[in-house]
Amino acid sequence: MAKNSPKDQQKTPSESSPLLGQSTNINLPTHTDDFSHLPPHEAELLRAQIVVKPVKASFWSMYRYASRSDRYILAVGFIASVVSGALRPLMTILVGNVAQLFVTYRPCMNTDGTACYNDYGNSTYGNSTYGNYTSYENSTYGFNELVYNDMPENISPDEFQRTINQIAFFFIMLAVTDFIASSIATFVFIDRGEVLSSRIRSHYLESTLRQNIAYFDKLGTGEITSRISGDTLLVQEGMSEKVSLAVSSMTNFIAAMVVAFFRSWKLSFILLGIIVSVVVTMSVCSRYMVRFYRRSLAGYSVGGTLAEETLASVRNVQAFAIEERLALQYDQFLSVSELWAHRAGMILGLTTALIWFFMHCNYALAFFQGSRYIASHYLEVKQVMSTLMVIMMGAFWLSHIPPHLRYIANGMAAASKLFTSIDRVSAIDPFVEGKKFPSEELVGKVEFQDVKFIYPSRPQSVVLEHFNLTIEAGQTVALVGFSGSGKSTIIGILERFYTPVGGHVYLDGHDINELSVSFLREQIALVSQEPVLFACSVFENIAYGLVGTRYEHVSDVEKETLVRDACRQVNALDFIERLPKGLDTHVGERGFLLSGGQKQRIAIARAIVSNPKILLLDEATSALDTKSEGVVQQALDSASKNRTTIVVAHRLSTIKDADKIIVMSKGKIMESGTHNELLEKEGEYYSLVQAQKIEAAKEVVVDDNQTDSYDSESDDANSSTAYDTSSYEEKEDEKHGLNLTRTKTGHSISSVILRQKPEPKEKKEESTFALIKFLTSLTKGSNHFLLIGSITAVINGFGHPAIAILYALCLQAFRDGPDDYDVMLAKIRVYALIFFLIGILQLTAYFICNASLSLVGQRLIRRIRFLTFRYFLRQDMTFFDVKENSTGRLTALLSQDALAVESLSGATLGQILNALSNVVSGSVLALIVAPRMSWVFVACFPLMIGTGYGRFSLLASVQAQAKKMSENSSAYACEAVSTVRTVATLTMEKKIIDEYHTDLVRQGRKMRASSLKSSILYGTAQSTQFIVMGLGFWWGSRFVKSGVYQPFNFYAAYMSSIFAGQNAGVAFSYAAEMGKAKSAAISIKNLFDRKPEIDRWEDAGAEIDSEKVQGEIEFKDVHFRYPTRPAVPVLRGLNLKVRKGEYIALVGASGCGKSTTISLIEEFYRPLSGTILFDGKDVNSLNIGSYRSHIALVQQEPVLYAMTIKENILLGSLENAEDVSDERIINACRQCNIHDFISSLPDGYDTMCGTKGVLLSGGQKQRIAIARALIRDPKVLLLDEATSALDSESEKIVQAALDQAAKGRTTIAVAHRLSTIQNADRIYVFDAGRIVESGTHSELLSLKGRYYELVQAQALEKTE
């Protein structure tokens, strides 16, 4: 096998998650130039279609979509943040003056009860400026400081109290100002953050929908979903409230420096060196944080693609029991995200630790040097204390900047990813104006001249070379040939999905590269092989075909007329009118409420509703049953008149009447002509026809009495996925003579059983404690780190009470200074040393705290994503059938819920624990040193905490509402992106963008009132601190004035209380994060608590002995209705027996229950009544994992994942990947006629398949899917239209392989193409959920009944 050996470069994921004890390493894919071997012109064309140049986002670039009015509003918010931040440093001037008063004032009582004021006698203070106190009314006392002129040597108690009252009044003024400023700042940034992030979402979706299709060949839709749901949330957090808090904190620091220099420039200058150290530390560390967070986001976004693909193909995942394998692969990408995010968290921890260390050094140096200035009479106590206080406050708020910077850094990293996509110039942009000409002049002539084509994602392979083809206006031209011969490529080129590297394509003589892309696509209608419907009504789906045409803006009545006409042409109107709401019936995500044939007919109706000049049919009828196909084909033949039609077909019966048939092979035209002309040549086309020809019965015996009775009408109304009403159900039961025992109410067996089912229990409201306990249970294995981080966070919380004690001791030393300066200096030196030692302790504690909690937080988020993904895959099909559980929504939940919980981990959790520890320790200290005074301080805490908790409660409900709205918009965007080819074909880009933008605007308006309430509560919490401080000085001064407490007692109690109050506010500044985390935790817990009816995780049920498996399957009187559509009967008493090794086929009209039968065999659902037996045992009694291990499923729409061909095939094996030999892989591929193709690829079996296998053709994907089924050597093989996507030659070979593979195993095939099942041991003809005919091919032909009609519709004889 040489380089093509699948064993050469094995990339098997670790079979054990790091969460379970082993490490996982994975390298993210990096882009290399794959075009160097091509001529410069060709390389440049291909490179332009696929290469993405990274964009670096700055802080200001996050606001790039702000309008002039937005800038003005943000400026107001910015100014309000600055004002809010500046108030606290100004407050320290008042605090310094209070300190001076407390030092100056000494209560003394004479024996006669009069106060004495001579204690200071000849002290320095006697000559101070405290003389001739001017009354408040006439003084120059202002906000800056109290001015005293020639104040007497001593202050009387009344003067002391009056001064304190004046200072308390200014605190009230500060409180009012802060309330206004904080409320405005918070509201402005939250509101504008919501508005601007919505614009980013809109621009991102717009840019994504503008991209050329090659862009999506490399970029998975899951990654796009992660960007639009997760990354935009990060940007919003990085540009909203956290910016306000960061600005306020930074302003606080700057204002503190200004006040410090104003009070004492010399002392401040001495302290400046340490502040510079803080700034440098933050600057350097923030760069690393941004870099690491960017790498973390890159790791997860790639994993998002795998998650989206897996959830979108959950049936395939559960059928092959590959949930754990894919979950482990997903976890590998999570490990990358965890690694870099933890490193960023450690950098943040180091930053915070250094800041606190520098802050304590600042205290030590300030007190030490300040005491010397006081001793030398250079400064007074009020100047030193104001400077100390303001430096302390500035440092305090500076320490709160890093957590906010983390959100901003995250936002910048996420913005880089988003803006990279937004700024990318699409090589084929539908919004760019190009050449147009009047639609009336369009005739529809198409010419390919010397076209050379290479897929940008596979530059090594040339698909078309020197390709020439002319299609005259009004002609119907069919393209046939092997899979990969270039048929669908021609469709892609004509639709401008890709640009050829050579040659020209003309439409009526106009080079299509020069035409407007949107104009070109408006003239063309495309029906793809896999029909795509949107999650809206039938009417809306079909009306989307009018977008961009002259009918787009006609009245609803006219639109309905056009829609009904289109439905009538494709034989869809009858079944649509039988739906509960007719045309207004919702079809579900991707049309899952309809059968394949019904979806395809609606897609065809959408294509022809605008009466396009050019019609492209890429296997347009592949999903239809034979009878429906015949009717639809007649409609398409009629619709093809007077328009150019290009048909890609494998089922040759659909193109035998084409004007010209082009037979292709390896990008070249082998022969062309009409059906009859090509048959006479007996060349390539003749061979294809022979491969599909159905053998006629050698003897036809007609016996009218043997003909089974059945309805002459096709029966989509009884679709396994269609809707119905109970009255219709009863009529059908009577019509078919179903022998059911009726209850007195006259309802069917299914109806009675459904009524007896208990109502689902309502979800109970989870308490906060229960949620915390639940999240803690998820940190198992990291609890020791959580304990260490929590303990160190609590230790850090003791820092402020320790500072309060040292602060009070220093003030007491200053008070005693005039008596003996040497003693004062000695005490201060000791206190300064203690400050330094505490700094070292907090340096260590903060780093350990942040490093530990960051590790816990990142492990938690990884575990949440990993387990949430696994729990999604645990659910049964009923869960995924529910509209709310769309792929887009579930993918968004994976990203958003984990991010929300993560916002309360790491540094944030440390801050909250720190603050709570501070509140408790500060309160205890205050009550110990001054109990009579402190109870008032402590009594104020409920007020501060109450406002914070009120905001938290409000935000919790707001976030729940916002989360739901965000999920809906994310699901809508995901649906648009995941169906981007259909969106592009229908030129729906602008419509989708407009609807998405409208939804976001509506969401923003709903959030505005809640944001305002939240902001007011936050402003109240912030202003309450000033009121408490003013109250504290006023209340405490009474005890100092009366001599009950010394200044030491007052300041120790007061400072610890104030710090506790501030930290209470800090704790609840994270109210928004708490609200999001609670909402996310409820969502996660509800998922984890949900136990599916069919639970693969349960060990219950009997294990099957592989040696004794026979493979017999039997249905006994099975009745079934889909849980999400209980009014619609699907199977009505089905009886079916399949013996060991038997090959049976299920045929019939679309929606008659064939695929439902396959789903029941796979135990995706359980019947309402009746029994399904496997080797004589009820499948409900068997272990589901053991049971499914003996079954292999190949679905109608092949499912491949964004991994290598080899890895996709290995997903089918029951053994570990490394235990599967090369020979087994090659043998499986040879059986499916795919080995030669794989070997011809440059990377052989290591070739990437692309998102959802987009880099391979339909036939190639299907053959790989079949190889995946065969490699597990199943006892039962289920083929649900397994060869529908194959060309005739490949189908013949694969069918022969399947026939061979069927020997020795039970095979059940659902088929519309009857040539594939004519050799079946028994053929069952379904109708309305029952079997109406059964027998061999010959026996059923002899009946000349329903099966005979189906065969005649597919005949391939010469046309007359």
| field | Point-to-point distance, once rounded to the nearest 0.5 Å, from CD of Q332 to OG of S337 | value | 14.0 Å
| field | Worked check of side chain to side chain contact (heavy atoms under 4.5 Å, CB included) between T208 and F216 | value | CA-CA 9 Å; T208 301; F216 300 95; 3.6 Å; yes
| task | For the pair I1158 and F1164, evaluate side chain to side chain contact (heavy atoms under 4.5 Å, CB included) and give the outcome as yes or no after the intermediate values. | result | CA-CA 9 Å; I1158 297 293; F1164 290 153; over 6 Å; no
| request: Go through the steps for E324 and R870 under the test salt bridge (charged side-chain N to carboxylate O under 4.0 Å, His left out), then give the verdict. | output: CA-CA 7 Å; E324 291 303 314; R870 290 186 71 234; 2.8 Å; yes
| Roughly how far, to the nearest 0.5 Å, is the CD atom of Q875 from the NZ atom of K1091? | 10.5 Å
| request: For the pair D231 and Y300, evaluate side-chain hydrogen bond (donor to acceptor under 3.5 Å, both in side chains) and give the outcome as yes or no after the intermediate values. | output: CA-CA 11 Å; D231 288 3; Y300 180 70; over 6 Å; no
| query | Hey, does the Lys NZ or Arg CZ of R1268 hover above the aromatic six-ring of F320, less than 6.0 Å from the centre and inside 45° of the axis? | reply | yes
| query | Under 6.0 Å from the six-membered ring centre of Y996 and within 45° of its axis: does the NZ or CZ of R201 meet both? | reply | no
| task | Check whether any side-chain heavy atom of L205 sits under 4.5 Å from a side-chain heavy atom of H997, and report yes or no. | result | no
| request: Decide yes or no for R1188 and Q318: does some side-chain heavy atom of the first lie under 4.5 Å from some side-chain heavy atom of the second? | output: yes
| request: Could you grab the distance from atom CE of M1203 to atom CG of L1211, nearest 0.5 Å is fine? | output: 5.0 Å
| field | Main-chain N/O of H203 paired with S207 side-chain donor or acceptor, under 3.5 Å | value | no
| message | Do L1193 and N316 make a side-chain contact, defined as non-hydrogen atoms from C-beta onward lying under 4.5 Å apart? | response | no
| message | Let's go through T489 and Y455 carefully: what are the C-alpha distance in whole Å and the side-chain angles of both, what is the deciding distance for side-chain hydrogen bond (donor to acceptor under 3.5 Å, both in side chains) to 0.1 Å, and is it a yes or a no? | response | CA-CA 9 Å; T489 299; Y455 279 103; 2.7 Å; yes
| message | Any heavy-atom pair between the side chains of E1093 and T878 that's under 4.5 Å? | response | no
| How about N1208 and Y1245: do any of their side-chain heavy atoms sit closer than 4.5 Å? | no
| field | E495 (side chain) donor-acceptor with R521 (main chain) under 3.5 angstrom | value | no
| said: Rounded to the nearest 0.5 Å, what separates atom CD in E1207 from atom CG in L1200? | reply: 12.0 Å
| query | Is the backbone N or O of N212 less than 3.5 Å from a side-chain atom of S426, with the two atoms forming a donor-acceptor pair by type? | reply | yes
| query | How about Y871 and T868: do any of their side-chain heavy atoms sit closer than 4.5 Å? | reply | no
| message | If you define the side chain from C-beta out and look only at heavy atoms, does anything of E323 sit under 4.5 Å from R874? | response | no
| message | If I take atom CD1 from residue I861 and atom CG from residue D897, how far apart are they, to the nearest 0.5 angstrom? | response | 10.0 Å
| query | Are any of the side-chain heavy atoms of T1157 and I1308 separated by less than 4.5 Å? | reply | no
| message | Under a 3.5 Å cutoff, is there a donor and acceptor pairing between the side chains of Y1165 and T1156? | response | no
| task | To the nearest 0.5 Å, tell me how far L1087 CG sits from R1090 CZ. | result | 8.5 Å
| Do D1246 and K1206 meet the salt-bridge criterion of a basic N to acidic O distance under 4.0 Å? | no
